[in-house]
Amino acid sequence: MSEIETPYRYDALCAGEIESRWQSRWLADQAFRAPNPGDPGFSIAKPKYYILDMFPYPSGAGLHVGHPEGYTATDIVSRYKTMRGFNVLHPMGWDAFGLPAEQYAVQTGVHPAVTTRAAIDNFRRQLQRLGFAYDWSREFGTIDPEYYRWTQSIWLRAYHAYYDSVQQRARPIAQLEELIAKENRMISIDGVEIPWVSCTPMQRQAHLDTHRLAYLGFQTVNWCPALGTVLANEEIIDGRSERGGHAVFRMPLRQWMFRITAYAQRLLDDLALVEWPDSTRAMQAGWIGRSEGAEVRFAIEGFGALAVFTTRPDTLFGATYMVVAPEHPLVEWVQARDATRQDLRDYVTWSRNRSDIDRQAESRVKTGVSLGVVARNPATGESIPVWTADYVLMAYGTGAIMAVPAHDERDFAFAKTFNLPIRDVVSASDGSEWTGEVATSEPGIACNSRNDQVAIDGLPTNEATAKMIKWLGASGFGAHRVQFRLRDWLFSRQRYWGEPFPVVFDDRGMHFPVAESSLPVRLPALDDYAPVQSDHPTPPLGKAIEWVQTTAGEAGVDSNLLAPSTPVRREINTMPGWAGSCWYYLRYCDPKNSTRFVGKEAERYWMGDRGVDLYIGGSEHAVLHLLYARFWHKMLFDLGEVGTPEPFAKLFHQGMITSYAFERVDGSLVPTDQVREVEGGWIEIATGGSVKRVIAKMSKSLKNVVTTDEVVAEFGADTMRLYEMYMGPLADSKPWNTRDIAGVFRFLQRVWRLAIDERSGSVTLAREANADIERRLHRTIHKVAQDIERLAMNTAIAALIEMVNAATRPTQMKDPSDGGLTEDQMRRFLCALSPFAPHIAEELWLRIGAQGSAREASWPAVDPAMLTDDSIEMPVQIQGKIRARVAVPSGADAAEIERIVLSDPKVQELLEGRAPRKAIIVPNRMVNLLV
RNA sequence: AGGCCUGUGGCGGAAUUGGCAGACGCAGCGGACUUAAAAUCCGCAGAGCUCACCCUCAUCCGGGUUCAAGUCCCGGCAGGCCUACCA
């Protein structure tokens, strides 16, 4: 029936037809192509605006409604900025190497190259169906050899660089070599000092290798047998792998590392340069973990000095024992001296085999073994016992601590467990006596802390600390020291689906870089790419025997380094999934460049002074991706490859889109499809028991995942975009409620009806502008602009709805020829609507016969005079309660307002003849009379 | 255990700087149109009361600052996120 009566209604079918038509046209016209400097159509007069979405990882499951939240927001900003006259860069591409793709491939038995391409095609189709204004000519994937060629190239730059700690920046390692040669420095080879000129080439290379920013390090790594790979610290959550939640063990291994620790201070300091959420900066600062204190050396007879790091050198007099990590060299030294120490051997083995989860499960239970050696406390001169315990971590500080049980909870617990002496050296600031029951780590007043050379008794903690550091320096027992929690970044993975390292090994085990001109080192095709489940890391690339076993010439090593016929084997580890996303934003500036990873001019133009202008993505990347990318960027900055110290000027995290689930009385969750809505609530169909609606993450098991394909089919892309933005503040997490979509869908139908007669399809516009409507239109356009600038899309849409409601005439059904807006007004309204619902805006623009297109139009001008009223109704409070409202001319000053208000009969009646003691007048806001 | 964030109608949310709490939407109720329904349009709508109010109470709970507090401060409670033996 309704089809017959209103064949020209804006319904899902109509929306789908309009949207597909415009989408094909935008693609065919390359409508959102951003010209680079030098390209046709480029105008230097336009300011640039670089707006970026976090690199998506296309999964086989495709897009659910959570994915496009951020993309919709960036799309609105990008369309708006274009209308404001900016040259907008808004690109999209694919982060496609890495664990999930490989695991999916192993599961399905289809090669990751195939599944990944299929996932990308599906993602692209789904994004294009939402009408996003991406410059698709800049699209690339991390798996494209033309892309990872440059990922390898940047890695090589780090390989060929070292960190100059004096200049505090990265420099080419060739310069370090020159410097060492010039000064003929002494080089320590196996504990012997040899002058540089006397070193063999191999010794020289080995020495330089210890300085590279990308270096091969032998250290304890996080080994995850279930995933068949090692993981970075950042990839471990609660002692389990971030992906899959598998157990992780520590094991020493030779792996490629990045010297990110050299950048710790700058990564911390430069957080002040960026406009990022405070929480994200706090998380990064926390991860970098700067602490200030002292290094103190304790003498152990026969062994030498045992160095510790402490933030509380003021408690040195209270150090009654020491503890080293089970992996500490001192433990080996003790074992080497005394082979009968079976208890020690057992403890070391036991603690090594314990996964991090085990350690955390029995979190505060202290275990350990005495080493049977003593160290000399430099402050007291006492001999104190040295223990080993796994509560001391090899990876932090020096892997050894001085234990001050009176003032450290962990040391206190350990001392109580093993009956070690406890000495109070800090009394509470309020002068109260120490109870001896618990450790007190708060600052206080030093006590029991004096010797022949130094006394800090009576000093507050900060002064005591400073004095002790001074004494340590003077006496040669230690020095001031800054310690970071951040550790070097483990960059090798024992996986197939990743970028190969451009490096080979000769039969002596020395490594040699592949020459820049021989890149990319292509990932070999491999039929059996499954990870090898074993107790030892076994990279699958090892199976590509013909690829691995090659010659220096074949691999592309510079013939000055190795003769071309030298047999070499390739590195068989691959880079982690993070590699490609560390610099993709730079490649977008100049994606087709075949001579550089990004052209200098393109990089200077798009990155400008501060980098990407707006970067939107999830807060789950607050530490990992954002820290890694900043690190790569700073290396490139130091080496003169990019012009900004930071990559992302402004960062914003969209919230998570959640869904509803249902909870039984006992708290267990019921899948959505097993629940029925009844009067006043919901019941579980199977049992009839009543259940409560709760907010939950979208998950397959709860059957509450909503896909973009479903929503687009039912309502169209414009409605989908509008609802995503209308749900609530962009930063908040908010539940998807399919029922609510109808509201914004009805809004678009009203917009349509404002211009198109549903029965005839003819255009309906007002002949004359209504003054009130005109006023409202100016205000709407003004508010929408302001709201987009602050990413408050929800209130911008509310303003658009109000506008349409005001313009919709009750008479419309009766007299379709009388529209609510004139053509000129409609055109301006469509401009404001266009960033949010671009398809319907373009379509109506065309139908009302406006020139050009909605997306290319300039943002409509707002007349400031239209934003204020002649008269304002001001609330009048008496004793702080609103008792009356009085009309006051806008712009009236306080004295005039007071006069008008006091002469108002209503106010006089309420005052009952009393004269106000005081009148508080806030022009345009309110009046408060106190009597 | 510590750090950070959030808490407003039946629901999602608004209130940009301390200044009319609840914009806008969903769900609900009433009306117009219709034989009827759908759709559409108009209206009502925090709670209470002596139901039109200009009354009383209301922004998780308890205090405080202020002429004025959802907003600022202190102390709780609840939920979320992060970190978690980092010396």
Side-chain angles (χ1 to χ4, degrees), chain A residues 1-2 5-6 9 237-239 277-280 282-283 286-287 289 291 293 308-312 323 359-360 363-366 389-393 395-404 408-411 413-414 441 483-487 619-620 622-623 656 660 680 693 695 723 726-729 731-744 746-747 749-750 753 758 786-787 790 792 794-795 797-802 805 808-814 873-885 906 909-910 917-920 922 924-930:
Chain A
M1 279 290 267
S2 65
E5 282 176 17
T6 55
R9 166 163 294 193
I237 313 258
D238 293 338
D278 289 343
S279 58
T280 303
M283 269 196 242
W287 191 263
S291 27
V308 303
F309 171 70
T310 176
T311 53
R312 293 292 300 273
V323 188
R359 289 164 62 102
Q360 276 167 19
S363 55
R364 307 286 178 251
V365 182
K366 294 286 181 286
D390 67 355
Y391 85 91
V392 171
L393 310 174
Y396 185 75
T398 61
I401 61 155
M402 65 178 209
V404 185
D408 182 283
E409 269 181 58
R410 299 151 299 182
D411 297 344
F414 192 82
S441 50
Q483 179 67 41
F484 292 94
R485 200 189 81 128
L486 183 72
R487 288 168 224 166
S619 57
E620 66 272 22
V623 176
M656 201 194 341
Y660 289 115
R693 189 170 80 164
I695 288 166
Y723 176 63
Y726 190 60
M727 291 171 72
D732 290 6
S733 124
K734 41 209 174 269
W736 185 269
N737 188 359
T738 301
R739 190 181 277 175
D740 287 347
I741 304 173
V744 285
R746 284 201 280 254
F747 160 65
Q749 289 182 316
R750 277 201 294 276
R753 217 176 282 128
E758 292 187 325
Q786 270 190 331
D787 285 354
R790 64 185 181 106
N794 53 334
T795 51
I797 295 167
L800 290 166
I801 293 174
E802 281 182 273
N805 288 350
T808 298
R809 292 280 178 77
T811 55
Q812 219 188 344
M813 285 299 283
K814 288 174 183 161
E873 192 181 67
M874 278 181 73
V876 176
Q877 296 182 344
I878 293 171
Q879 306 291 66
K881 299 223 175 209
I882 292 155
R883 299 294 174 181
R885 279 161 231 279
K906 173 79 189 172
E909 183 192 319
L910 288 160
R917 177 167 54 83
K918 192 176 179 189
I920 292 148
V922 185
N924 299 328
R925 288 289 184 184
M926 67 183 316
V927 174
N928 192 3
L929 302 175
L930 304 174

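Residue numbers start from 1 in every chain, and the chains themselves are labelled A, B, ... in the order their sequence lines are given, proteins ahead of strands. On a predicted model such as this, the values are computed, not experimentally measured, just so you know.
- Nucleotides B:U65 and B:C26 are separated by 39 Å at their C1' atoms, to the nearest Å.
- The listed nucleotides are B:U56, B:A87, B:C4; the one nearest the side chain of A:Arg883 is B:U56.
- Put simply, the side chain of A:Tyr723 gets close to the backbone of A:Asn737: a donor and an acceptor are under 3.5 Å apart.
- For the pair A:Asp740/A:Tyr726, no side-chain contact is recorded, criterion being any heavy-atom separation below 4.5 Å from C-beta on.
- Between atom CD of residue A:Gln879 and atom CG of residue A:Asn928 there is a gap of 8.0 Å, rounded to the nearest 0.5 Å.
- The nearest whole Å value for the distance from the CD atom in A:Gln749 to the P atom in B:U40 is 6 Å.
- Computed from coordinates, the A:Met283 CE to B:G80 P distance equals 16 Å when rounded to whole Å.
- Partners of A:Arg917 by side-chain contact (heavy atoms from CB on, under 4.5 Å), not counting sequence neighbours, listed by chain and number: A:Leu930.
- Minimum atom distance to the side chain of A:Arg790 is reached by B:U16, of the listed B:U16, B:A87, B:C85.
- The separation of B:A47 from B:C42, taken at their P atoms, amounts to 24 Å, rounded to a whole angstrom.
- For B:C67, the paired nucleotide is B:G19, the pair qualifying as Watson-Crick or G-U wobble because both relevant distances are below 3.5 Å.
- The pairing partner recorded for B:U6 is B:A78, the criterion being a Watson-Crick or G-U wobble arrangement whose two distances lie under 3.5 angstrom.
- Using a 4.5 Å heavy-atom cutoff, the side chains of A:Thr310 and A:Val404 are not in contact.
- In this structure, B:A14 forms no base pair with any nucleotide, since neither Watson-Crick nor G-U wobble geometry is met with both distances under 3.5 Å.
- A gap of 42 Å separates the C1' atoms of B:A45 and B:C82, to the nearest Å.
- A:Lys734 places a side-chain N or O within donor-acceptor distance of the main-chain N or O of A:Pro729, the cut-off being under 3.5 Å.
- If you take CG of A:Leu486 and P of B:U83, they are 14 Å apart, rounded to a whole angstrom.
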Once each nucleotide of nucleotides 19-30 of chain B is scored for protein heavy atoms under 4.0 Å, what B/S/- sequence comes out, 5' to 3'? BBS-BBSSS---
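- The partner of B:C85 cannot be assigned: no Watson-Crick or G-U wobble pair with both contacts below 3.5 Å exists in any strand.
- B:C57 adopts an anti glycosidic conformation, its chi angle falling more than 90° from 0.
- Between the P atom of B:U6 and the CG atom of A:Asp278 lies a distance of 11 Å, rounded to the nearest Å.
- A:Arg485 approaches A:Trp287 most closely through the heavy-atom pair NH2-CE3, 2.7 Å.
- Comparing the same atom, C1', in B:C11 and in B:U17 gives a spacing of 31 Å after rounding to whole Å.
- Between A:Lys734 atom NZ and B:G7 atom C1' there is a gap of 17 Å when expressed in whole angstrom units.
- With C1' as the reference atom, B:C44 and B:G9 are 15 Å apart, rounded to whole Å.
- Distance A:Phe747 CZ to B:U40 P: 15 Å, rounded to the nearest Å.
- On the P atoms, B:C53 is 37 Å away from B:U35, given to the nearest whole Å.
- Nucleotides B:C72 and B:U16, compared at atom P, are 12 Å apart to the nearest Å.
- Taking the syn range as angles within 90° of 0, the glycosidic angle of B:G9 is syn.
- Distance CZ/A:Arg753 to CD/A:Glu758: 4.5 Å, rounded to 0.5 Å.
- As the counterpart of B:C29, B:G43 is assigned, both hydrogen-bonding distances of the Watson-Crick or G-U wobble pattern falling under 3.5 Å.
- The phosphate of B:C67 (OP1 or OP2) has no side-chain N or O of A:Arg917 nearer than 4.0 angstrom.
- Heavy-atom distances to RNA chain B give each of A:Met402 and A:Asp787 a nearest nucleotide, and the one nearer the 5′ end belongs to A:Asp787.
- Across the C1' atoms, B:U6 and B:C61 are found 16 Å apart, a figure rounded to whole Å.
- Side-chain contact check for A:Asp408 versus A:Met402: every heavy-atom pair is 4.5 Å or farther apart.
- Residue contacts shown for A:Ser291 are limited to sugar-phosphate atoms, with no base heavy atom under 4.0 Å away.
- B:A1 atom C1' lies 8 Å from atom CD of A:Glu409, rounded to whole Å.
- The side chain of A:Arg485 contributes no N or O atom lying less than 4.0 Å from OP1 or OP2 of B:A87.
- Between A:Tyr391 and A:Phe414, the ring-plane angle classifies as tilted under the 30° and 60° cut-offs.
- Between A:Trp287 atom CH2 and B:G2 atom P there is a gap of 21 Å when expressed in whole angstrom units.
- Among the heavy atoms of the strands lying under 4.0 Å from A:Tyr660 are primed sugar atoms or P, OP1, OP2 only; no base atom is included.
- For the pair A:Pro729 and A:Gln879, both in contact range of RNA chain B, the more 5′-proximal nearest nucleotide belongs to A:Pro729.
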